Amino acid sequence: MTVFIDADGCPVIAAAKDICRQRNIPLTLVCDTSHLFSSDYAKVITVDKGTDSADLVLANMVKKGDVVITQDYGLAAMCLARNCICLSQNGLVYDNTNIDSLLMARHTAKKIRRSGGRLKGPHKRTPQQDDDFRTQFIGILNTLQKEGKI
């Protein structure tokens, strides 16, 4: 089992890296050339810049049982199809009960923007979101460990 992070714009890389390091869990960061990372622990894969280029590389690398951290609903859907566990940077676990509605909301927002409408951007990140991510991520890893998958 490997933890993959869609590292383009991800605010929880350091927290995830610390948790993975403490548990000796392999971690891979995937980003495009707009976001250069280096890590003393994680494997870093940098791909050419382009729409969804990092997402497509990541989706093709994952295997059943891997954990994927992403804020991208499309990537989460692709990884769920490969039987991965998907988690947002805010601690939301993507699954088959919520991914369709999330994708529909994304589609609707895109239609509004294309027609000239404006939507509010995301709120400023809060410490509570960081805590929610850590709690959910550790819970997922604890469950996988109890099941003997780590």
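Owing to the predicted nature of the structure, the values given are computational and were not obtained by experimental measurement.
Around the CG atom of Asp48, the shell of radius 6.0 Å holds no more than 12 heavy atoms that belong to other residues, nucleotides or ligands.
Within the 4.5 Å cutoff, side-chain heavy atoms of Leu144 are placed close to those of Ile85. Proximity of Lys43 to Leu29: side-chain heavy atoms (C-beta onward) are nowhere separated by under 4.5 Å. Side chains of Val3 and Arg23 form no contact here, defined as non-hydrogen atoms less than 4.5 Å apart. In this structure the side chain of Ile19 reaches within 4.5 angstrom of the side chain of Ile138, judged on heavy atoms. Contact of the Val68 side chain with the Tyr94 side chain is not registered, since no non-hydrogen atoms from C-beta on lie closer than 4.5 Å. Using a 4.5 Å cut-off on side-chain heavy atoms (C-beta onward), Val62 and Met78 make no contact. Residues Thr46 and Asp32 are not in side-chain contact: their nearest non-hydrogen atoms beyond the backbone lie 4.5 Å or more apart. Two residues are said to be in side-chain contact when any heavy atoms from C-beta on lie closer than 4.5 Å; Asp6 and Val30 fail this criterion.
When atom types are taken as modelled, the side chain of Thr135 and the backbone of Asp131 share a donor-acceptor pair closer than 3.5 angstrom. No donor-acceptor pair under 3.5 Å is formed between the side chain of Arg125 and the backbone N or O of Pro11. A donor-acceptor pair is defined here as one N or O able to donate and one able to accept, closer than 3.5 Å; such a pair exists between the side chain of Gln129 and the backbone of Thr126.
For Met1 against Gly65, the heavy-atom pair with the smallest separation is CG-O, 3.1 Å. Taking each heavy atom of Ser39 and Lys17 in turn, the nearest pair found is OG-CD, 3.5 Å. The minimum heavy-atom distance linking Ala15 with Phe133 is given by the pair CB-CE2, 4.4 Å. Residues Tyr41 and Pro26 approach most closely at OH-N, 4.2 Å, considering heavy atoms.
Rounded to the nearest 0.5 Å, atoms CG (Asp72) and SG (Cys10) are 12.0 Å apart. Atom CG of Leu141 sits about 4.5 Å away from atom CD1 of Ile25, to the nearest 0.5 Å. The OG1 atom of Thr2 lies 8.0 Å from the CE atom of Met61; values are rounded to the nearest 0.5 Å. With values rounded to the nearest 0.5 angstrom, Ile150 atom CD1 is found 5.5 Å from Gln145 atom CD. Summarising the geometry, atom CD belonging to Gln71 is positioned 9.0 Å from atom CG belonging to Asp8; distances are rounded to the nearest 0.5 Å.
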Let me see the working for Glu147 and Asn142 under side-chain contact (heavy atoms from CB on, under 4.5 Å), right down to the final yes or no. CA-CA 9 Å; Glu147 294 173 355; Asn142 286 343; over 6 Å; no

Before giving the answer on side-chain contact (heavy atoms from CB on, under 4.5 Å), spell out for Asn98 and Val93 the whole-Å C-alpha distance, their side-chain angles and the decisive distance to 0.1 Å. CA-CA 9 Å; Asn98 64 13; Val93 176; 5.9 Å; no

Kindly determine whether Val12 and Asp130 satisfy side-chain contact (heavy atoms from CB on, under 4.5 Å), including the steps that lead there. CA-CA 7 Å; Val12 295; Asp130 291 334; 4.2 Å; yes

side-chain contact (heavy atoms from CB on, under 4.5 Å) between Leu27 and Phe4, intermediate numbers included: CA-CA 6 Å; Leu27 174 64; Phe4 288 88; over 6 Å; no

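Side chains of Ser88 and Asn90: a donor-acceptor N/O pair is absent below 3.5 angstrom, by distance only.
Under the side-chain contact (heavy atoms from CB on, under 4.5 Å) test applied with Cys79, the options Asp66, Val67, Thr70, Leu58 reduce to a single match, Leu58.
Partners of Ser38 according to the side chain to side chain donor-acceptor pair (under 3.5 Å) rule, which considers only residues two or more places apart in sequence or in another chain, do not exist here. Partners of Arg21 according to the salt bridge (charged side-chain N to carboxylate O under 4.0 Å, His left out) rule, which considers only residues two or more places apart in sequence or in another chain, are Asp40. Looking at residues two or more places apart in sequence or on another chain, you find a side-chain contact (heavy atoms from CB on, under 4.5 Å) between Asp132 and Gln128.
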